[in-house]
Protein chains: 2
Amino acid sequence: MTSVADRKLDVIFAALADPTRRAILIMLLEDDMAVTDVAAPFDMSLAAISKHLIVLADAGLISQEKRGRVKWCKLEPDAMRAATVWIQGFGQFDPLDFDAFERFLANEFPQVSP
Amino acid sequence: MTSVADRKLDVIFAALADPTRRAILIMLLEDDMAVTDVAAPFDMSLAAISKHLIVLADAGLISQEKRGRVKWCKLEPDAMRAATVWIQGFGQFDPLDFDAFERFLANEFPQVSP
DNA sequence: CCGATCGTCAACCACCTGGTTGAATATGCT
DNA sequence: AGCATATTCAACCAGGTGGTTGACGATCGG
């Protein structure tokens, strides 16, 4: 009884549930990148980053196109839209309320000061 | 050097990456529910649902309050708001508060920030 | 007090995840 | 051709996840 959309959301949310992968997505906001360049800032093997990129591609969050030796990674925002649509189905809050987010962090972790 | 916001998003997205847990959240939109009632529609043991509810509570997506024998589960939309804000930070939907977004990115992944 | 109900705990299982290393493949450069 | 670069593959490992079952403690109703 689990729908196709369900399974798609599974992999999208699972892909987003890792800080390394979220950081990669943020990096790709800037521009398309080769795998090696994606891996550069991380204290982690290239193979590990390669696997993270496959997870992101399987979720549809990025696409990968090989040109010559270099595999270029490109952000694909449509997949994220599916997640947003699901979350907004709750419809109980303003879609982009940064103040609310700040309050959320402050209330949740009052002991942590930057 | 993963930030607090990072780890919070980890558990929120991981909690959302399961169809049973997303279904539970949708059920809780309607009203607060006891654990047994949450479990009723699922073809799964009560213990399994109990564990799912703990995952949701650890993510802050629900709260649980025990009154007598019955443990009541209540939706907590603030945690979901954090996920929404992160996703919409990609700016494909609404105009952004760029100042807040930069602060958010710096907090999200300090070591790759410019 | 007794028996039913609510929910968790503990042990166990199969499978998945995120990481490593070293070898392999494919392409580009000179 | 020969070497360097880009990326993946394969095997492995530790720990996490999602499920089960059975026993257990707590609480309610009669």
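Just so you know, these numbers use all the heavy atoms, side chains as well, and skip hydrogens, waters and symmetry mates. In what follows, chains are A, B, ... by sequence order, proteins preceding strands, each numbered from 1.
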- When you check the phosphate oxygens OP1 and OP2 of C:dT5, does a side-chain N or O of B:T36 lie under 4.0 Å from one of them? no
- Reported OG1-to-CG distance for the pair A:T20 and B:D10, which is rounded to 0.5 angstrom: 9.0 Å
- Query: Tell me: CD1 of B:I54 to C1' of C:dC6, nearest whole Å?
  - Reply: 14 Å
- Message: Walk along nucleotides 23-30 of chain C from 5' to 3' and tag each nucleotide B, S or - by protein heavy-atom contact under 4.0 Å, base first, then sugar-phosphate.
- Response: ----BS--
Donor-acceptor list for residues 34-51 of chain B side chains, cut-off 3.5 Å, not counting sequence neighbours:
residue	atom	partner	partner atom	Å
B:S45	OG	B:A48	N	3.1

- Item | Option among B:L28, B:L61, B:D18 that satisfies the side-chain contact (heavy atoms from CB on, under 4.5 Å) test with B:L56 | B:L61
- Helix axis bend for the helix from C:dG7-D:dC24 to C:dT30-D:dA1 - C1'-based end axes, five pairs, 10° rounding: 30°
- Looking only at heavy atoms, the pair that brings B:A59 and B:V11 closest together is CB-O, 3.6 Å
- How many Å lie between CG on A:D10 and P on C:dT17, as a whole number? 11 Å
- Message: With a 3.5 Å distance limit and no angle check, can you tell me whether A:R21 reaches the backbone of A:A14 through a side-chain donor-acceptor pair?
- Response: yes
- Task: Round to a whole Å and report the spacing from CD of A:E65 to P of D:dA6.
- Result: 18 Å
- Query: In whole Å, what is the span from the CG atom of A:L53 to the P atom of D:dA6?
  - Reply: 15 Å
- Message: Could you measure the distance from the CD1 atom of B:I87 to the CH2 atom of A:W86? Nearest 0.5 Å is fine.
- Response: 10.5 Å
- Message: Does this structure show an ion pair linking A:R81 with A:D78, if we count only N-O contacts that are shorter than 4.0 Å?
- Response: yes
- Query: Can you name the residues that form a salt bridge (charged side-chain N to carboxylate O under 4.0 Å, His left out) with A:E30, not counting sequence neighbours?
  - Reply: none
- Message: So, does A:S50 get its side chain near the phosphate of D:dT8, meaning an N or O under 4.0 Å from OP1 or OP2?
- Response: yes
Which pairs, protein N/O on one side and nucleotides 17-21 of chain D N/O on the other, fall under 3.5 Å?
residue	atom	partner	partner atom	Å
D:dG18	OP1	B:R21	NH2	3.0
D:dG18	OP2	B:R21	NH1	3.1
D:dG19	OP2	B:H52	NE2	2.2
D:dG19	N7	B:K51	NZ	3.1
D:dG19	O6	B:K51	NZ	2.6
D:dT20	OP2	B:S45	N	2.9
D:dT20	OP2	B:S45	OG	2.7

- Message: Measure NZ/A:K71 against C1'/D:dT8 and give the value in whole Å, please.
- Response: 8 Å
- Message: Under 4.5 Å side-chain heavy-atom separation, chaining through any Ile, Leu, Val, Met, Phe, Trp or Tyr, what else clusters with A:W72? Say none if it is isolated.
- Response: A:V70
- Task: Nearest 0.5 Å please: distance from the NZ atom of A:K74 over to the CG atom of A:D31.
- Result: 10.5 Å
- Message: Working to the nearest 0.5 angstrom, can you tell me the gap between B:M80 CE and B:L25 CG?
- Response: 5.0 Å
